[in-house]
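Here's the structure, in C-alpha cells; my notes come after.
All heavy atoms count here, side chains included; hydrogens, waters and symmetry mates do not.
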Amino acid sequence: MSKDSFEIAILAGDGIGTEVTDATFAVIEAAQARMGGFHLHQHEIMAGAGYYRDTGQDIETDGEERAGKADAMYVGAIGLPAIRAKDGTEIAPHLRL
C-alpha cells in the first residue's frame, strides 16, 4: 500500500459509540474529499458488549489479528451497563489490543 493509503481497523463500539464512530468517519471522509492526498481503507471488526450478548465472544474470531495488521485502529465507546462477562467485569476487548 502506498504511503498515502492506510488500513484502519474500526471497532465501532456499543450504544453511543456507534453514533460517534459514524460522525467521526463522516468528518474524515469530508476532509479526505476536500483535501485529497490520503485514503483510508476501513475494515470494521465486530466487538463489544452487544457482540458478546449475541455471540458469547467479545470480538470476532479473527478480529485481534486483523487489528494487529492495520496501520491504525479506531475504537468507539465499548460497553453496555447490563452486559457483563461471567466474572462480572465489563466487556473490554479493546484493552487486550
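- Residues Ile16 and Phe25 fall within the same hydrophobic cluster, defined by Ile, Leu, Val, Met, Phe, Trp and Tyr side chains chained together at heavy-atom separations under 4.5 Å.
- Closest approach of His41 to His43, counting heavy atoms only: O-CD2, 3.5 Å.
- Listed by chain and residue number, nothing satisfies the side-chain hydrogen bond (donor to acceptor under 3.5 Å, both in side chains) test with Tyr52 (two or more places apart in sequence, or in another chain).
- For the atom pair CZ of Arg53 and CD1 of Ile91, the computed distance is 11.0 Å after rounding to the nearest 0.5 Å.
- A salt bridge links Arg96 to Glu64: one of the charged nitrogens lies within less than 4.0 Å of a carboxylate oxygen.
- Between the NE2 atom in His39 and the CD atom in Glu29 there is a gap of 9.0 Å [rounded to 0.5 Å].
- Taking CG of Leu95 as the start and CG of Asp58 as the end, the distance is 10.0 Å to the nearest 0.5 Å.
- A search for side-chain hydrogen bond (donor to acceptor under 3.5 Å, both in side chains) contacts involving Asp87 returns Thr89, not counting sequence neighbours.
- A side-chain donor-acceptor contact under 3.5 Å links Thr21 to the backbone of Gly17.
- Ile28 and Tyr74 end up in the same hydrophobic cluster when Ile, Leu, Val, Met, Phe, Trp and Tyr side chains are linked at under 4.5 Å.
- A single hydrophobic cluster is seen to contain both Ile10 and Leu40, as judged by linkage of ILVMFWY side chains at heavy-atom distances under 4.5 Å, directly or through other members.
- Without hydrogens or angle criteria, Asp14 side chain to Ala49 main chain gives a donor-acceptor distance under 3.5 Å.
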Test side chain to side chain contact (heavy atoms under 4.5 Å, CB included) applied to Met46 and Glu44, step by step: CA-CA 6 Å; Met46 301 304 296; Glu44 186 166 357; 3.9 Å; yes

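- Annotation for Gly48 and Pro93: closest pair N-CG, 4.1 Å, computed over non-hydrogen atoms.
- The other residues sharing a hydrophobic cluster with Ile78 are Leu11, Ile45, Ile59, Met73, Val75, Leu97, where clustering joins ILVMFWY side chains under 4.5 Å apart.
- How far CZ of Arg66 is from CD of Glu60: 4.5 Å, rounded to the nearest 0.5 Å.
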